[in-house]
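Since the structure comes first, as structure tokens, the remarks are kept for the end.
Note that this is a predicted model, so its numbers are computed, not measured.
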There are 2 protein chains.
Amino acid sequence: MDKPLDKAVADLGRDIGEYIRQQRSTAKISLRQLAKLAGVSNPYLSQIERGLRKPSAEILQQIAKGLRISAEALYVQAGFLEQREGGALADAIATAPDLTERQKQVLLDVYESFRRENTATQPKPEE
Amino acid sequence: MDKPLDKAVADLGRDIGEYIRQQRSTAKISLRQLAKLAGVSNPYLSQIERGLRKPSAEILQQIAKGLRISAEALYVQAGFLEQREGGALADAIATAPDLTERQKQVLLDVYESFRRENTATQPKPEE
DNA sequence: GCACTCCGCTTGCAGCTGCTAGCACCTCGC
DNA sequence: GCGAGGTGCTAGCAGCTGCAAGCGGAGTGC
């Protein structure tokens with residue numbers, strides 16, 4: 001079942017908007033508060049959250065700052081960056097050139113426990 | 001000697017434009033050829049290279065595809081992405097799909113403290 | 001009741017992005 | 001000479017981005 005391109009694009013907009021709304025809800029701040037923290041207008045933030053507008057990378061950067069999350073996370077949702085595959089982080093830790101073996105093991109253990117925590121608490125990880 | 005903000009912004013535009021022109025020169029293709037490969041108009045690409053316009057992340061993605069380089073490299077030049085200190089591992093953490101934002105931050109902090117520790121124990125880490 | 005503060009949203013619009021049509025210039029082959 | 005193909009750029013403009021002004025609604029205190 002092929003979606004028309006327009007619909008797919010609108011859905012993409014909703015994806016980043018939904019994600020921002022989610023993160024804002026998690027942070028327990030109002031739309032106006034986030035808009036202020038991020039330095040964007042609150043009507044525009046509202047439109048972004050509802051998928052009516054498609055913000056630039058700069059606006060996403062500002063919103064990420066307001067949410068205290070990485071801009072990368074928002075770029076991924078917006079389709080500007082590709083999401084790494086699940087196994088990639090474990091591999092990256094294992095091959096990190098600037099860590100000792102002990103440190104690598106610690107990071108891997110922390111990562112595994114986080115993933116276990118996410119699988120146990122809710123089947124759909126918060127992302 | 002403080003530059004006016006307008007000048008600084010114009011320089012930023014020139015940075016990404018210069019970089020694109022450089023990469024195109026390295027690839028030995030004309031402006032029109034790159035524009036065609038990238039799927040953007042050649043006048044617009046010309047304007048971008050000369051720092052007259054500031055392309056969106058999507059256009060940068062297309063140009064990267066045409067140049068056969070990573071979009072990330074262009075985002076960094078454009079100021080959308082920071083070149084993270086940790087490189088690949090930090091990137092992998094930031095974009096990991098199975099972690100919450102809070103968990104990502106924890107891992108990044110742990111990783112950062114490990115790197116600091118390694119820098120302190122040996123002045124020239126193998127990197 | 002009123003005024004105030006907060007909430008999220010609508011509307012109109014200035015300025016920007018990215019495009020098309022077309023220009024001037026160059027080289028090559030006839 | 002000409003035409004064809006290539007080069008990079010100018011100019012005008014449709015549509016989009018992000019904003020300011022303002023709306024209706026909710027809650028609080030007088």
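- Considering only residues two or more places apart in sequence or on other chains, B:Q22 meets the side-chain contact (heavy atoms from CB on, under 4.5 Å) condition with B:Y19.
- Atom CD1 of B:I48 and atom C1' of D:dG8 are 14 Å apart (whole Å).
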Nucleotides 8-17 of chain C: which of its N/O atoms have a protein N/O under 3.5 Å away?
residue: C:dG8; atom: OP1; partner: A:R24; partner atom: NH1; Å: 3.4
residue: C:dG8; atom: OP1; partner: A:L31; partner atom: N; Å: 3.2
residue: C:dG8; atom: OP2; partner: A:L31; partner atom: N; Å: 2.9
residue: C:dG8; atom: OP2; partner: A:R32; partner atom: N; Å: 3.3
residue: C:dG8; atom: N7; partner: A:R32; partner atom: NE; Å: 3.0
residue: C:dG8; atom: N7; partner: A:R32; partner atom: NH2; Å: 2.9
residue: C:dG8; atom: O6; partner: A:R32; partner atom: NH2; Å: 2.0
residue: C:dC9; atom: OP2; partner: A:S46; partner atom: OG; Å: 2.4
residue: C:dC9; atom: O5'; partner: A:S46; partner atom: OG; Å: 3.3
residue: C:dC9; atom: N4; partner: A:N42; partner atom: OD1; Å: 2.6
residue: C:dT10; atom: OP2; partner: A:R50; partner atom: NH1; Å: 2.5
residue: C:dT10; atom: OP2; partner: A:R50; partner atom: NH2; Å: 3.3
residue: C:dT17; atom: OP1; partner: B:K54; partner atom: O; Å: 3.3

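- Going from atom CG of A:L45 over to atom C1' of D:dC19 covers 13 Å, rounded to whole Å.
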Got a list of side-chain donor-acceptor pairs under 3.5 Å for residues 32-39 of chain B, not counting sequence neighbours?
residue: B:Q33; atom: OE1; partner: B:S30; partner atom: N; Å: 2.8
residue: B:Q33; atom: OE1; partner: B:S30; partner atom: OG; Å: 3.4

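- Looking at residues two or more places apart in sequence or on another chain, you find a side-chain contact (heavy atoms from CB on, under 4.5 Å) between B:A71 and B:Q61, B:A64, B:Y75.
- Scored by the side-chain contact (heavy atoms from CB on, under 4.5 Å) test, A:S41 finds A:P43, A:Y44 as partners (sequence neighbours excluded).
- Under the side-chain hydrogen bond (donor to acceptor under 3.5 Å, both in side chains) criterion, B:S56 pairs with no residue at all, not counting sequence neighbours.
- Nearest heavy-atom pair, B:N42 versus B:L31, reported as atom, atom and distance to 0.1 Å: O-CD2, 3.2 Å.
- Under the side-chain hydrogen bond (donor to acceptor under 3.5 Å, both in side chains) criterion, A:K104 pairs with A:E101, sequence neighbours left out.
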key: Nucleotide-level pairing of DNA chain C, given in dot-bracket where Watson-Crick and G-U pairs need both distances under 3.5 Å and | marks other strands   = ||||||||||||||||||||||||||||||
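- Remark: P of D:dT7 and CG of B:L34 are 12 Å apart, rounded to the nearest angstrom.
- Partners of B:Q103 by side-chain contact (heavy atoms from CB on, under 4.5 Å), not counting sequence neighbours, listed by chain and number: A:F114, A:E117, A:N118, B:L99, B:T100.
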